[in-house]
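See below for the structure under consideration.
Small disclaimer: the values here were computed from a predicted structure and weren't measured. Below, all heavy atoms of this structure are taken into account, side chains as well, without hydrogens, waters or symmetry copies. For ligands, and for the atoms within them, numbers begin at 1 and follow the listed sequence.
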Amino acid sequence: MILMGPPGAGKGTQAKLLEQHFQVPHVSSGDLLRNAIKQKTKMGVEAKRFMDRGELVPDAVLLQAIEDRLQQADCRTGFILDGFPRTLPQVDALCAMVTSMGTKIDRVTSLRVPKEAVVKRISGRRTCHDCGAMYHVTYDPPTTPEICDRCHGELYQREDDREETVMARLEVYERQTAPLLAAYRTCGLLREVDGVGSQHEVLERILAVVQGNA
Ligand code: AMP
């Protein structure tokens with residue numbers, strides 16, 4: 001399954017809940033890149049300058065890492081993609097990857113959230129340095145400010161979650177990623193879900209459309 005939606009739509013949060021529900025891994029291109037940055041790999045160094053500006057990382061830097069991840073054993077029974085594909089060439093690359101794995105994409109779910117809500121959500125978002133868990137200073141604060149409830153790691157604001165960069169990321173989404181929705185709609189794969197509400201409400205809506213009850 002592919003989970004789509006603008007930055008701040010709640011894809012990461014929902015993908016983690018879906019991972020538990022379906023017992024298949026959450027594969028986030030953003031997390032793969034952030035881990036590479038943390039580990040200072042060649043991919044991380046190359047990706048960082050694009051990410052800090054809110055721009056897309058070139059396919060030459062990212063695609064192999066996605067393919068390697070999808071070929072790991074835990075993806076054999078399925079996976080939830082978050083943040084990939086983001087462009088039409090990436091859709092083609094993904095098609096080639098899943099075909100060579102002998103599988104296919106069953107569903108594309110897109111979370112709809114108004115722009116003003118997205119900006120509020122992202123600018124208050126805090127991420128754990130160690131385990132990647134996400135919080136929101138107002139909507140989902142940690143028990144102790146700036147400390148992760150799960151692993152006691154330090155929380156930080158992603159460089160690309162600052163307000164100036166958020167606007168650039170939204171613009172990139174509208175220009176490069178939103179057109180994918182029309183393509184998925186045409187081929188009957190797309191299910192759109194209202195992304196406003198509690199984590200649980202949004203999860204229930206996703207499960208209803210994925211399981212064909214809505
Ligand atoms: P995300 O965590 O999905 O919001 O991604 C954070 C940043 O990582 C994006 O703003 C891009 O710079 C980069 N990125 C993540 N996924 C992709 C992708 N599929 N293609 C290109 N760049 C990506």
Side-chain angles (χ1 to χ4, degrees), residues 1-16 18-19 25-70 79-98 105 108-111 113 115 117-129 131-136 155-181 183-184 195:
M1 171 170 149
I2 300 173
L3 205 50
M4 287 190 64
K11 298 186 297 294
T13 303
Q14 293 300 325
K16 285 201 163 57
L18 291 165
E19 174 177 61
H26 162 208
V27 176
S28 153
S29 47
D31 285 351
L32 284 177
L33 291 164
R34 281 183 288 278
N35 280 338
I37 292 177
K38 204 159 124 189
Q39 288 164 11
K40 300 193 170 62
T41 65
K42 186 165 172 276
M43 175 173 86
V45 173
E46 287 178 34
K48 189 173 185 316
R49 58 198 175 100
F50 295 96
M51 292 172 75
D52 284 350
R53 292 197 298 251
E55 293 170 11
L56 293 187
V57 171
D59 287 352
V61 177
L62 175 68
L63 285 184
Q64 190 59 50
I66 297 278
E67 184 159 11
D68 292 348
R69 179 66 191 89
L70 295 184
F79 45 83
I80 298 154
L81 277 172
D82 154 19
F84 183 88
R86 261 175 155 94
T87 61
L88 290 167
Q90 289 184 2
V91 173
D92 292 340
L94 176 65
C95 281
M97 287 177 209
V98 294
I105 299 300
V108 181
T109 306
S110 173
L111 297 177
V113 177
K115 203 168 176 172
V118 156
V119 175
K120 263 196 210 148
R121 282 186 185 186
I122 302 191
S123 50
R125 181 156 77 179
R126 297 292 180 272
T127 307
C128 175
H129 256 301
C131 74
M134 284 181 298
Y135 298 85
H136 190 281
L155 304 186
Y156 75 109
Q157 181 176 41
R158 277 167 44 179
E159 192 63 40
D160 60 345
D161 279 351
R162 293 177 200 282
E163 201 160 333
E164 325 73 82
T165 321
V166 170
M167 299 318 271
R169 290 166 64 200
L170 281 170
E171 197 271 325
V172 166
Y173 178 81
E174 285 305 324
R175 190 163 33 88
Q176 294 187 270
T177 308
L180 271 55
L181 295 176
Y184 290 132

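Among residues two or more places apart in sequence or in another chain, the salt bridge (charged side-chain N to carboxylate O under 4.0 Å, His left out) test is passed with Arg86 by none.
Crowding of Lys120 atom NZ: a count of heavy atoms from other residues, nucleotides or ligands under 6.0 Å not exceeding 12. The environment of NZ in Lys38 is crowded: more than 12 heavy-atom neighbours from other residues, nucleotides or ligands sit within 6.0 Å.
Residues lining ligand 1 at a heavy-atom distance below 4.0 Å are given as Ser29, Gly30, Leu33, Arg34, Met51, Glu55, Leu56, Val57, Leu62, Gly83, Phe84, Arg86, Gln90, Arg158, Asp160, Arg169, ordered by chain and residue number.
Between Gln176 and Tyr173, every side-chain heavy-atom pair lies at or beyond the 4.5 Å cut-off.
Note that Arg53 lies in the cation-pi zone of Phe50, set by a 6.0 Å cut-off to the ring centre and a 45° limit from the axis.
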**Study point:** Intermediate values then yes/no, side-chain hydrogen bond (donor to acceptor under 3.5 Å, both in side chains), Asn35 and Gln39
**Key:** CA-CA 6 Å; Asn35 280 338; Gln39 288 164 11; 5.5 Å; no

